Amino acid sequence: MKRRNSDSTVPPLAIRLFYLAAVAVTLPLLMWNGMVQQINASAGDILFRMRGPVHSPSVPRIVLVAIDDSTLSQYGPLPIRRSVLANAIRRISEFRPRTLVLDMLLAEAGRSEDDLALSTALSMIPRTVLGAAIESDRTQEPRWILPLSVLADSHLLGHVHAEPDADGNVRTVLLTKAAGGKRMWALGLQAARAAQNTGAPLEQQDAVQLGAIRIPALEATGRMMRINYAGPEGVFRRISLASVLSQTVRPEDFNDKIVLLGVTAQGGGDRLFTPVSSGIGMSGVEIHANVLRTILDQDFLTSLSPAAEIAGGILVAVACIVGIGALRGMPLFAALAGIAFAIPAFSAIALRYGSVWPTASFLTVFLAASGIVGVGEYAAIWLNLRSSERKRREYAFRVQAIAHEIKTPLTAIQGSSEIISDQLVPQDQRNLIAGMIHKESKRLTDILHAFLDVERMASGSLDIQKRSVDLPGLCADVLDRARLYAARKQIRIDSALPPISVSADPDLLSFAIYNLLTNAIKYSPKRTTVSLSATEQGDHVRISVVDQGSGIAPGEQRKIFERFYRIGRDQPAKEEGTGIGLALVKEIVSQHDGQIEVDSGEGGGSRFTIVLPAKS
């Protein structure tokens, strides 16, 4: 078993888990809040305008007859007189249009002869669609405003309502609306039905089937359909009603065409803003023409499903996480710039294929994920730098300390070698000096071995072979060696070791206990007692070494386990040491999932206790 290195240069896992969790939690909030949804709509408008007019086979088939400012100046204000309207429709019928669609409400009765004339004119064009609307008076139960029965006879009816979003732009239309128990299809759909000469639409859960045309309008959304605008106002050919009445039009202007008749005058009150309109908005009749064009061309726009949106958001977030985690400097900047550019670029491409992407949602995820992950990686790098700096200082300290420790034996060896080389030195003194050189070289070797053991232990490269160990048996050999060491100071070692087993590496544990015993002997006065005891408390075993030495000041108790630290008592006692032993004991105990405790006071002796988990 090896201890895991706690000073890994990899960014802390906790930080990465935290920012991954933060991105995961904020992802739905970022993508589906009202503000971002509105920005999505505005971003889609920009892409619409960048796309420009579309190539449409149905645009040449559609003609707008406009009740414009010129018409009003010649034939009076709105509402246009029924006799004038009847005269214009009669002239249009002479050119055999395919369908006539009236984007106006004909609910109020006029002069009976005018209403009859208009009814007669409408009957000349068999496939005619008339407009209807839901009354907007909120004080009453909603009801339909329908054409006069004398006018509506045998003609299709369609509602003229658009569905502006919160910002006032018309991007969708409800293909069906209901009020007062009556349900009605949209004017544009009814126009397509008349132009195609098909039966009533067939409804499915996810679509409306109009003849061979399948319209993707979900029942769950109220049959909402996105309007795929062919372009800005003016895409469809427009003929003034005044021109029709003045007979300045040609037969081919209306022959087999779908004719939409409605108000375009700027003061007519029937203008709404759209993704492609200018500052004065787009006339209602042209909006209906775009609905009709979308259906006839089957050029439908569909939004991504919630699952696809969240998958796209995850893909963007993952790209940011991988890029920030793997790259640095200019490559990282280039990668992030590439992601930021790719989102609107792919959205524009998708729009050309009829798919509307939540561009702003993806960009918001990009910005948020980049920010969160960037801060997280910065924190991880900062922690790594701090750890590296700490290790650099520790290493420099260790090198300085080991250099100081080996300086004394090296100086002794150097001085002794100079003396022994003198021919005048007697042989018995030569032997004494040779013994000193051997002793100091052995001390130097011990210092280096202890230093290397601590380094290997701290780095986790020293194997620990745990097994069940009988504590009294392990301590018997340790006590024999410690008593030999204590004999020079006439120190007695007592032991109280009940039959206890622990799971440990026997060599390392015996080293730790022996080190504590020799330290206790080293810093105890002559003819005193050192005791070794063990107790089992719950699921832990406590191994204690108690001496009768001078004790350790409270301010130094936390420092004695640092490498090469020597407390002030060492100098007066003239005891040799490396300052590494207790550091090595602490490393051994830590790798056994234990801890070491110190209970001491100046002049009152010391108790060192190793606390280890009991044998499982």
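Computed from a predicted model, the values in this text were never measured in an experiment.
Contact check for Ile381 versus Arg328: side-chain heavy atoms found under the 4.5 Å cut-off. The side-chain heavy atoms of Cys320 and Val373, taken from C-beta on, include no pair separated by under 4.5 Å. Asp539 places none of its side-chain heavy atoms less than 4.5 Å from the side chain of Pro613. In this structure, Val541 and Val611 have side chains that are not in contact, with every pair of non-hydrogen atoms separated by 4.5 Å or more. Lys586 has its side chain within reach of Ser590: a pair of non-hydrogen atoms, C-beta onward, lies under 4.5 Å apart. Looking only at side-chain heavy atoms (C-beta outward), Ile372 and Glu377 stay at 4.5 Å or farther from each other. Looking at Ile610 and Leu516, their side chains come closer than 4.5 Å, going by heavy atoms from C-beta outward. Side-chain contact between Asn519 and Phe608 is absent, with no heavy-atom pair separated by less than 4.5 Å.
Applying the salt bridge (Lys or Arg N to Asp or Glu O under 4.0 Å) criterion to Arg171, with sequence neighbours excluded, gives Asp45, Asp165, Asp167. When the side-chain hydrogen bond (donor to acceptor under 3.5 Å, both in side chains) test is applied to Ser600, the partners found at least two apart in sequence or on another chain are Ser606. Every residue two or more places apart in sequence or in another chain that forms a side chain to side chain contact (heavy atoms under 4.5 Å, CB included) with Ser544 is listed here: Ser533, Arg607, Thr609. Remark: Asp494 pairs with Arg492 by the salt bridge (Lys or Arg N to Asp or Glu O under 4.0 Å) rule, at least two apart or across chains. Scored by the side-chain hydrogen bond (donor to acceptor under 3.5 Å, both in side chains) test, Glu219 finds no partners at all (sequence neighbours excluded). Under the rule for a side-chain hydrogen bond (donor to acceptor under 3.5 Å, both in side chains), Arg483 has no partner lying at least two apart in sequence or in another chain. Every residue meeting the salt bridge (Lys or Arg N to Asp or Glu O under 4.0 Å) condition with Asp477, not counting sequence neighbours, appears here in chain and number order: Arg481. With sequence neighbours excluded, no residue forms a salt bridge (Lys or Arg N to Asp or Glu O under 4.0 Å) with Asp480. Under the side-chain hydrogen bond (donor to acceptor under 3.5 Å, both in side chains) criterion, Ser303 pairs with Arg226, not counting sequence neighbours. In this view, Gln490 and Arg527 satisfy the side chain to side chain contact (heavy atoms under 4.5 Å, CB included) rule, not counting sequence neighbours.
Of all the heavy atoms in Pro472 and Leu497, the pair that sits closest is CG-O, 3.8 Å. Summarising the geometry of Phe48 relative to Pro275, their closest heavy-atom pair is CD1-CB, 4.2 Å, with the distance given to 0.1 Å. Minimum interatomic distance between Val530 and Ser524 (heavy atoms only, all atoms of both residues): CG2-OG, 4.0 Å. Counting all heavy atoms, side chain and backbone alike, Met225 lies closest to Phe300 at SD-CE2, 4.0 Å. Ala482 and Tyr514 make their closest contact through N-CE1, 3.8 Å (heavy atoms, listed as atom of the first residue, atom of the second, distance). Listed here is the closest heavy atom pair of Asn40 and Ala360: OD1-N, 2.7 Å.
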Side chain to side chain contact (heavy atoms under 4.5 Å, CB included) evaluation trace for Met31 with Glu309: CA-CA 8 Å; Met31 296 189 67; Glu309 284 190 21; 3.9 Å; yes
Val356/Leu47 under side chain to side chain contact (heavy atoms under 4.5 Å, CB included): CA gap, chis, key distance, verdict: CA-CA 10 Å; Val356 180; Leu47 295 177; over 6 Å; no
Verdict with reasoning, Leu327 to Val322, per side chain to side chain contact (heavy atoms under 4.5 Å, CB included): CA-CA 8 Å; Leu327 302 175; Val322 172; over 6 Å; no
CA sep, side-chain torsions, deciding dist, call: Leu336, Ile324, side chain to side chain contact (heavy atoms under 4.5 Å, CB included): CA-CA 8 Å; Leu336 293 178; Ile324 295 175; 4.3 Å; yes
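Under the 3.5 Å distance criterion, the side-chain polar atoms of His592 are matched with a main-chain donor or acceptor of Asp505. Under a 3.5 Å cut-off, the side chain of Gln465 and the backbone N or O of Asp507 do not form any donor-acceptor pair.
Residues Asp547 and Lys522 are not paired through a salt bridge, judged by the lack of any N-O separation under 4.0 Å between the basic side chain and the carboxylate. Classification of Arg542 and Glu597 as a salt-bridged pair holds, one side-chain N sitting under 4.0 Å from a carboxylate O.
Atom OG of Ser370 and atom CG of Leu332 lie 8.5 Å apart (nearest 0.5 Å). Here CD1 of Ile491 is found 11.0 Å from CG of Leu517. Values are rounded to the nearest 0.5 Å. Distance check, rounded to the nearest 0.5 Å: OG1 of Thr221 to CG of Leu174 gives 8.0 Å. Going from atom CG of Leu484 over to atom CD1 of Ile521 covers 9.5 Å, rounded to the nearest 0.5 Å. Atom-to-atom distance recorded for Thr364:OG1 and Leu29:CG is 12.0 Å, nearest 0.5 angstrom. The CG atom of Leu27 sits 4.0 Å away from atom CD1 of Ile310, with the distance rounded to the nearest 0.5 Å.
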Tell me which donor-acceptor pairs under 3.5 Å the side chains of residues 341-353 have, and how far apart each pair is, sequence neighbours excluded?
from: Ser347; atom 1: OG; to: Ile343; atom 2: O; distance (Å): 2.8
from: Ser347; atom 1: OG; to: Thr359; atom 2: OG1; distance (Å): 3.0

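Residue pairs meeting the salt bridge (Lys or Arg N to Asp or Glu O under 4.0 Å) criterion with at least one partner in residues 361-371, sequence neighbours excluded, are absent.
Counted by atom type alone, Ser501 and Asp470 present zero donor-acceptor pairs between their side chains at under 3.5 Å.
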